[in-house]
2 protein chains.
Amino acid sequence: MNDKTFTEEGGRVTNIKDVARYANVSVTTVSRVLNGHPYVKAEKRNAVMEAVQALNYHQNSNAINLSKGRTMLLGVVVPFINHPYFSQLLHGISIKALEEGYTLVLFQTSYDRDKELEALEMLKHKQIDGVIITSRALPYEQVRSYTAYGAIVLCEDSEGGEMSTVSIDHYESFLAGMNYLIEKGHRRIGYCIARPSSPNSMLRLEAYETALQSINEPINANWAFVQCLTMEDGERVVHQYKHLRQKPSAFLVASDQVAAGIWMECKKQGIRVPQDLAILGLDNHPIARALGLSTIDLPIDQVGRELVVRAIDTSSIQKKKYGFTIVERGSV
Amino acid sequence: MNDKTFTEEGGRVTNIKDVARYANVSVTTVSRVLNGHPYVKAEKRNAVMEAVQALNYHQNSNAINLSKGRTMLLGVVVPFINHPYFSQLLHGISIKALEEGYTLVLFQTSYDRDKELEALEMLKHKQIDGVIITSRALPYEQVRSYTAYGAIVLCEDSEGGEMSTVSIDHYESFLAGMNYLIEKGHRRIGYCIARPSSPNSMLRLEAYETALQSINEPINANWAFVQCLTMEDGERVVHQYKHLRQKPSAFLVASDQVAAGIWMECKKQGIRVPQDLAILGLDNHPIARALGLSTIDLPIDQVGRELVVRAIDTSSIQKKKYGFTIVERGSV
DNA sequence: ATATTTTATGAAACGCGTTTCAGAGCAAGG
DNA sequence: CCTTGCTCTGAAACGCGTTTCATAAAATAT
């Protein structure tokens with residue numbers, strides 16, 4: 001065959017056939033070279049590689065995926081994209097996913113169960129290869145029922161060996177936060193969490209109660225603030241705090257965003273931090289550093305990366321748990 | 001393969017052939033029904049729909065895409081995922097993309113030109129259908145040279161009819177910000193922008209200079225702060241500000257994050273806002289509301305959605321420009 | 001009644017790789 | 001010298017839809 005037959009791409013993208021023809025081998029051999037299979041003579045291998053170079057060939061991922069019966073797509077279930085916690089988690093996820101050649105399909109749920117189910121259904125129909133659930137609204141059992149269809153990775157501390165989990169040790173971190181506050185002399189401690197029913201919140205609650213029991217403090221229901229996600233929620237907390245007859249001397253706040261809101265509203269209201277009210281945040285967001293808020297640093301990027309790893313490696317179920325570091329600044 | 005009968009999916013996902021067999025029609029007819037083509041008798045159409053229902057059939061997107069020669073993938077070039085401005089933009093983009101059935105391939109570039117090129121090369125090789133560039137490092141001409149391969153949408157105010165653009169009117173918004181400060185009695189006005197060489201910054205600079213010329217104020221090079229993206233950068237600005245012999249009385253800051261950093265550092269340093277220094281931010285991020293920062297509200301979500309629309313609709317090139325609203329709070 | 005056009009349907013080709021299968025060449029083992 | 005077992009290669013099947021083409025039947029026009 002001479003080069004005459006190679007009509008320099010008629011607007012078409014070069015495909016494996018073109019390469020095969022150019023290199024004077026079969027498409028099978030080209031495929032073998034491309035996939036690093038053994039049993040190809042160096043001579044032919046080189047011819048193929050030269051052809052690939054010469055024709056600037058790139059594989060058609062659709063064809064590959066159709067052939068291999070996979071999608072290279074990973075579903076990511078996230079309640080809110082633009083909340084700093086989740087956007088940071090997403091950051092870690094996206095870096096690792098790109099590294100591994102996977103593409104993300106974002107499901108922003110706002111904790112809508114149907115949106116969550118959408119991701120699971122896509123997994124069932126092999127439209128995505130795996131699902132990372134950064135935070136769920138669906139019951140555990142319902143999620144579990146989809147495990148047969150692909151990897152589902154949870155970002156929580158749940159029991160059960162059916163799904164890989166990657167998480168922060170929420171119990172220990174919250175306990176450590178409580179103990180830190182206690183060490184600093186606080187006994188009347190309130191807390192702010194997001195959804196009280198979430199698995200993570202449950203663990204935090206448990207840690208909270210354990211810590212108070214250890215110093216024989218009763219639990220004051222008025223010092224529990226839920227649905228705290230944003231700075232606005234933090235402000236709301238301070239407003240409610242002001243009307244308490246009996247006030248806590250410290251808050252353990254499960255989000256720096258909320259902690260920041262509390263801090264700022266305190267400034268506005270003339271409540272001194274930490275003299276009148278100590279604040280210990282969580283996440284170590286940039287804003288915490290900026291405001292000088294003490295907080296608990298979590299390796300969110302790392303968690304994000306590991307979530308991807310677990311979603312890709314379907315050979316085993318694993319439960320990873322990451323530690324934390326208390327960051328002392330001026331708010332406690 | 002022994003699937004002569006309807007063995008309730010032998011681990012396999014039902015495909016179009018199964019549906020055809022079940023409905024007693026050809027795959028062509030099934031395809032026609034699924035794609036809403038005309039010329040299918042109601043009777044057969046119903047039979048197909050029933051079969052789809054009964055077998056819980058879902059199309060294989062890989063096969064469809066291979067067939068149609070598209071990917072339903074949209075590249076999104078973003079310098080930083082976890083910067084509030086971009087994460088909000090991403091939020092809008094992702095909502096609209098999901099709505100339209102498109103999936104996003106995130107390219108987090110950190111303004112690395114090679115990463116940007118990666119997205120463009122993927123477009124060239126038909127691995128993605130379009131590219132949304134939220135902020136670019138590559139020269140305009142180089143990006144333009146890829147327009148033949150698919151839709152490229154820019155999030156900037158550039159001239160030229162080769163690519164769709166969706167943007168905020170940066171010139172007008174910055175000018176309005178300047179005029180607002182001038183109205184409030186300021187004449188010595190400094191500014192903070194991100195990359196001085198970016199197209200958006202150029203427009204802002206132009207507006208800045210125009211505004212100062214209109215009140216016959218000279219331009220003071222010491223009042224120009226560049227590379228301002230984060231709260232930390234804002235703090236840095238205040239440190240530098242303190243060492244200025246001649247100080248501006250106001251800052252126009254092209255990011256609320258930076259404005260927040262300035263505000264907080266001012267509090268720390270005892271610089272009164274707005275008496276000693278007025279601050280006008282940009283973006284209307286949650287933090288601006290929380291701190292009571294005056295700012296310029298931009299419809300970022302809307303921009304994100306429109307970016308997707310332009311990336312999908314390849315029938316025409318359009319240039320959309322969005323307005324802004326000055327939000328008066330207490331920092332000016 | 002005949003010529004056209006429209007409606008309706010399926011077989012087959014196509015998009016583009018991967019994988020299976022079969023066969024050939026060649027070296028080591030008995 | 002004859003098995004046995006690698007090494008190497010390509011034809012063909014496969015994954016799963018869409019689209020083209022051919023054909024047939026029905027409706028409309030002449």
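A quick note: this is a predicted structure, and the numbers were derived from the prediction, not measured. Numbered from 1 within each chain, the chains take letters A, B, ... in sequence-line order.
Side-chain polar atoms of B:Q108 and A:H91 form a donor-acceptor pair below 3.5 angstrom.
At the phosphate of D:dT9, neither OP1 nor OP2 sits under 4.0 Å from any side-chain N or O atom of A:T28.
For A:D157, the salt bridge (Lys or Arg N to Asp or Glu O under 4.0 Å) test picks out A:K321, with sequence neighbours left out. Here A:R113 pairs with nothing under the salt bridge (Lys or Arg N to Asp or Glu O under 4.0 Å) rule; sequence neighbours left out.
Contacts of A:S31 with the nucleic acid, taken as non-hydrogen atoms under 4.0 Å apart, include base atoms. A:V30 comes within contact range of no nucleotide atom at all, as no heavy-atom separation falls under 4.0 Å. Note on A:I64: only backbone sugar-phosphate atoms sit closer than 4.0 angstrom, heavy atoms only; bases stay farther off.
Nearer to the 5' terminus of DNA chain C, by closest-nucleotide assignment, is the contact made by B:N24 (compared with the other of B:A63 and B:N24).
Here CD of B:E306 is found 9.5 Å from CG of B:D313. Values are rounded to the nearest 0.5 Å. Taken from CG in A:L55 to CZ in A:R21, the straight-line distance is 9.5 Å, to the nearest 0.5 Å.
One axis for each end of the helix from C:dA1-D:dT30 to C:dG30-D:dC1, each built from five base pairs, and the angle between them comes to 40° at 10° resolution.
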Requested in this report: Please step through side-chain hydrogen bond (donor to acceptor under 3.5 Å, both in side chains) for the pair A:T29 and A:S26, ending with a clear verdict.
Outcome: CA-CA 5 Å; A:T29 299; A:S26 71; 3.3 Å; yes
Report task. Show the numbers, then the answer: is there a side-chain hydrogen bond (donor to acceptor under 3.5 Å, both in side chains) between B:D129 and B:T71? Result -> CA-CA 6 Å; B:D129 292 345; B:T71 63; 2.9 Å; yes
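The shortest heavy-atom contact between B:G161 and B:I317 is O-CG2, 3.4 Å.
A perpendicular orientation is assigned to the rings of B:Y111 and B:F80, their planes being inclined by more than 60° (bins at 30° and 60°).
Residue pairs meeting the salt bridge (charged side-chain N to carboxylate O under 4.0 Å, His left out) criterion with at least one partner in residues 42-70 of chain A, sequence neighbours excluded, are absent.
Along DNA chain C, read 5' to 3', the first and last nucleotides having any atom under 4.0 Å from a heavy atom of chain A are C:dC16 to C:dT20.
The residue from B:R195, B:E156, B:E116 that alone fulfils the side chain to side chain donor-acceptor pair (under 3.5 Å) condition with B:S135 is B:R195.
Looking at residues 32-47 of chain B, you'll see B:R32, B:Y39, B:V40, B:K41, B:K44 sit with a heavy atom under 4.0 Å from some atom of DNA chain C.
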